[in-house]
Amino acid sequence: MYIKKCSILFCIMMLLFQSGCDIKTTKQNKELESIKEIKIGFTVYRRDDTFIAMIVSNMEEAIKEGEQQENIKITMNIMDAKGSQTVQNDHIDKLIEQGCDVLCVNLVDRTVAATVVDKAKAADIPVVFFNREPVKQDLERWHKVYYVGAKADESGKLEGQIVADVYYKNNGAMDKNGDGKLQYVVLEGEQGHQDALLRTEYAVKTITECGIQMDKLAGDTANWLRSQAETKVNQWLQIYSDTIELILCNNDDMALGAIDAYENADKVLPAIVGIDGTALAIEAMKEGKLLGTVKNDAQKQAELIFTLCYCLATKKDASSKIDFVREKYVFTEYTMITPDKIDMK
Ligand code: BGC
Ligand code: CA
């Protein structure tokens, strides 16, 4: 008798619980149905940066597709901080005031993410950082904070591999003075950027591990920029003249700047490698001016940023669509681009 009473009670409780759940899901569905528009607040450190411009245009594409697929209006307000963190902080305030559903932030100074996270948290707006990786502690300040990017060491390894492959393929011809070492210079990205130091470190490490001795002549930052790289290489040409055998570049724009310097000085190009896989770099590679480059997948990164934004704004679970690392990080893979690994038509 007692057991029977208990089981009736249990069934009633289950029914109540079930109807509670039903009410909740219908409520959630209604909320979703009532979402007619998603507003994405988007701020970049510099819109004229070639790679960032690639992310922006791919993001625009992803939004167009998303609007069609989901039958919903999606707007993106893009703000250009033009290299100033103060300006970017003001832009973030504006985007929050305008009532965006999600914030995408390409920090100017990647060490000050905490301020951004706190502002967003106060307004309960999720944040997706991209390309310029905040420190772990800042990402851990709130559960609605994410990072989309790629692993810098991976690109360095692939860049080093391109050099080693060509070195052995041509029986060491890259070592022009035949002293058994590669005299090299490095064009570095912005100081403090996760992609600058690590790309250099892993490129050099990989070449050395492949059994090639390295002899560093010089290295300096050209802040990811073609024009600054050209100026820097002009200076090095004055000092080292024809002794430079290899130029390792933290990105393609700086590799193109190095090529500009040699061409303007009417000098024979040394081996030059880049990272990003921009259209102009691939062009230069096809013309035989660049050994190769490493594709930094702007399209995939933009698609992932978009998917994450969409899920956050519509309160959908993103984990079925995106592979998260430690719940917060989303990484794309780098791939090698060399004359024999691309359609040369
Ligand atoms: C890219 C560079 C770009 C920089 C901007 C890097 O990941 O390779 O080309 O200038 O990001 O933050
Ligand atoms: Ca040499």
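Whatever order the structure lists ligands and atoms in, that order sets their numbers, starting from 1. Note that the structure is predicted; figures quoted are calculated from it, not measured.
- Proximity of Arg46 to ligand 1, defined as any heavy-atom pair under 4.0 Å, is not found for any part of the residue.
- Nearest N/O/S atom of Asp179 with respect to the Ca ion (ligand 2) is recorded as OD1.
- Atoms of ligand 1 lying under 4.0 Å from any heavy atom of Asp195, numbered from 1 in the order shown and given with element: 6 (C), 7 (O).
- Side chain to side chain, Asn296 and Gln301 meet the donor-acceptor criterion of an N or O pair below 3.5 Å.
- The residue Glu190 has no part lying near ligand 1, judged by heavy-atom distances below 4.0 Å.
- Of the N or O atoms in Asn131, one or more lie within a sub-3.5 Å distance of an N or O in ligand 1.
- The OD1 atom of Asp175 and the OE1 atom of Glu245 meet at the Ca ion (ligand 2) at an angle of about 100°, given to 10°.
- Between the side chains of Asn58 and Glu303, not a single donor N or O lies within less than 3.5 Å of an accepting N or O.
- Ring geometry, Phe331 versus Tyr147: the interplanar angle exceeds 60°, so the pair is classed perpendicular (tilted spans 30 to 60°).
- Among Trp224, Phe51, Tyr334, the residue whose heavy atom lies nearest to atom 4 (C) of ligand 1 is Trp224.
- In this structure, a donor-acceptor pair under 3.5 Å is present between the side chains of Asn89 and Gln85.
- Under 3.5 Å, the side chains of Glu67 and Asn71 contain no donor-acceptor pair of N or O atoms.
- Linking Ile, Leu, Val, Met, Phe, Trp and Tyr whenever their side-chain heavy atoms come within less than 4.5 Å puts Leu269 and Val185 in one cluster.
- With salt bridges taken as basic N to acidic carboxylate O contacts below 4.0 Å, none links Asp153 and Lys151.
- Applying the 4.0 Å criterion to heavy atoms of Asp49 picks out, from ligand 1, the atoms 3 (C), 5 (C), 10 (O).
- Ligand 1 has at least one atom lying under 4.0 Å from a heavy atom of Asn296.
- Judged purely by distance below 3.5 Å, without hydrogens or angles, the side chains of Asp109 and Thr111 pair a donor atom with an acceptor atom.
- Centred on the Ca ion (ligand 2), the angle running from Asn177 (OD1) to Lys181 (O) is recorded as 150°, rounding to 10°.
- Polar contact check, Arg199 against ligand 1: a nitrogen or oxygen pair lies under 3.5 Å apart.
- In this structure, atom 9 (O) of ligand 1 lies nearest to the protein heavy atom Asp276 OD2, 2.5 Å.
- Between Glu190 and Arg132 a salt bridge is recorded (basic side-chain N to carboxylate O distance below 4.0 Å).
- A distance below 6.0 Å separates the ring centres of Phe130 and Phe42.
- Residue Gln183 counts as close to the Ca ion (ligand 2), with an N, O or S atom under 3.0 Å.
- Here's the thing with Asn251: one of its N/O atoms is less than 3.5 angstrom from an N/O atom of ligand 1.
- Contact annotation: Met254 has no heavy atom less than 4.0 Å from any atom of ligand 1.
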